[in-house]
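Below is one structure; the comments refer to it alone.
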Amino acid sequence: MSSESIEIAKNRYQQGRVAFESGLYREAIEQLEKASALLARNTRLSGEVQIWLVTAYEAAGRTDDAIALCEQLKRHPHHETSKEARRLQYILKAPRLQRPQEWMTQIPDFSNLADNKSKISFSANPNKSSGFKKPAERELVDLSQVNTKDNRFIWVALIAIGLTLVSLIWLNV
């Protein structure tokens with residue numbers, strides 16, 4: 001392995017991670033596969049790239065490919081890679097739980113948003129409200145309508161606190 005190909009692989013690995021974290025799973029798979037092809041199979045970096053590739057496969061809906069790659073990585077010479085591959089394979093093979101539809105939140109697909117940039121336009125019209133409202137003025141309360149009679153609970157609470165304090169002082173003496 002030349003140092004140039006390792007640097008190219010590291011660059012593609014970083015591009016793949018960024019694409020994955022941005023939700024661009026197909027691009028992430030493409031970059032991670034290219035990085036993996038440039039690296040020797042038994043290195044720590046190769047194992048790390050392939051673990052990311054497993055997660056990208058799963059995120060893209062290619063669960064069978066992810067499980068197959070985990071099966072290969074379980075025999076990887078780097079202990080952390082093989083341990084992570086076993087853990088991921090266990091998760092990938094776990095039965096899917098059925099969730100009621102009312103528990104689910106539908107996430108909109110923004111994958112073709114970049115294609116529509118020219119179609120999106122914003123207008124600034126200061127005359128129309130933007131949905132923000134001024135806080136309402138505080139309404140003054142007519143105190144003659146409020147029940148201001150003495151509440152006996154306050155006296156009971158004060159007597160209980162007083163008795164507690166007196167008993168604590170008496171026990172410490």
Side-chain angles (χ1 to χ4, degrees), residues 1-136 138 153 157 164:
M1 278 281 127
S2 70
S3 63
E4 183 179 320
S5 64
I6 292 174
E7 285 303 315
I8 293 170
K10 285 181 180 179
N11 188 22
R12 291 198 183 272
Y13 170 50
Q14 290 302 322
Q15 290 173 358
R17 285 180 57 179
V18 168
F20 179 85
E21 291 168 352
S22 299
L24 304 170
Y25 303 125
R26 276 184 254 124
E27 183 181 326
I29 290 170
E30 181 181 320
Q31 293 298 332
L32 292 168
E33 284 177 341
K34 289 178 181 177
S36 178
L38 292 170
L39 297 168
R41 294 279 173 221
N42 59 353
T43 63
R44 183 192 62 79
L45 180 60
S46 172
E48 193 174 322
V49 168
Q50 290 178 324
I51 290 293
W52 274 88
L53 187 55
V54 167
T55 57
Y57 280 152
E58 173 60 22
R62 294 172 54 182
T63 305
D64 293 337
D65 292 336
I67 291 172
L69 185 53
C70 279
E71 194 62 43
Q72 292 174 13
L73 290 174
K74 286 190 330 185
R75 294 181 296 277
H76 195 275
H78 189 258
H79 175 69
E80 288 298 317
T81 301
S82 61
K83 180 176 149 185
E84 186 68 13
R86 281 191 292 280
R87 188 185 73 76
L88 284 172
Q89 188 178 36
Y90 178 78
I91 292 169
L92 293 171
K93 286 186 171 183
R96 303 279 182 213
L97 298 176
Q98 296 297 320
R99 291 180 219 123
Q101 192 63 32
E102 60 267 11
W103 291 4
M104 306 298 286
T105 301
Q106 193 67 22
I107 299 174
D109 180 20
F110 295 120
S111 61
N112 56 0
L113 185 62
D115 300 337
N116 294 329
K117 281 186 180 177
S118 61
K119 297 177 187 176
I120 299 173
S121 64
F122 296 99
S123 64
N125 189 348
N127 297 333
K128 292 189 177 183
S129 71
S130 62
F132 296 107
K133 296 181 180 179
K134 293 181 182 177
R138 299 176 86 191
F153 174 76
T164 305

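For this chain, numbers begin at 1 and follow the sequence in order.
- Remark: Tyr25 engages Phe20 in a ring-ring contact (aromatic ring centres under 6.0 Å, His included) (not counting sequence neighbours).
- Scanning all heavy atoms of the two residues, the minimum distance from Gly16 to Ala28 falls at O-CB, 3.4 Å.
- Nearest heavy atoms, Glu58 versus Ala66: N-CB, 4.1 Å.
- The two residues Glu84 and Arg87 come nearest to each other via the heavy atoms OE2-NH2, 2.5 Å.
- Here OG1 of Thr81 is found 11.0 Å from CG of Asn42. Values are rounded to the nearest 0.5 Å.
- In this structure, Glu30 does not pair ionically with Arg26, as no charged nitrogen and carboxylate oxygen lie closer than 4.0 Å.
- Distance check: Gln89 CD to Leu73 CG gives 9.5 Å after rounding to the nearest 0.5 Å.
- More than 12 heavy atoms of other residues, nucleotides or ligands shown are found within 6.0 angstrom of CD on Glu102.
- Atoms CG and CD, on Leu69 and Glu33 in that order, are 9.5 Å from each other to the nearest 0.5 Å.
- Note that CD of Glu4 and CD1 of Ile8 are 5.0 Å apart. Values are rounded to the nearest 0.5 Å.
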Can you list, pair by pair, the side-chain donor-acceptor contacts under 3.5 Å of residues 44-56, counting residues two or more places apart and other chains?
from: Arg44; atom 1: NH1; to: Glu48; atom 2: OE1; distance (Å): 2.8
from: Ser46; atom 1: OG; to: Ala40; atom 2: O; distance (Å): 3.3
from: Glu48; atom 1: OE2; to: Tyr13; atom 2: OH; distance (Å): 2.5
from: Gln50; atom 1: NE2; to: Ser36; atom 2: OG; distance (Å): 3.3
from: Trp52; atom 1: NE1; to: Tyr13; atom 2: OH; distance (Å): 3.4
from: Thr55; atom 1: OG1; to: Trp52; atom 2: O; distance (Å): 2.7

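- In this structure, His78 NE2 and Lys83 NZ are separated by 11.0 Å, a value rounded to the nearest 0.5 Å.
- Each salt bridge (charged side-chain N to carboxylate O under 4.0 Å, His left out) pair with one or both residues in residues 10-25, not counting sequence neighbours, would appear here, but there are none.
- Once rounded to the nearest 0.5 Å, the distance linking CZ of Arg96 with NZ of Lys93 reads 13.0 Å.
- Closest approach of Cys70 and Leu88 over heavy atoms only: SG-CB, 3.9 Å.
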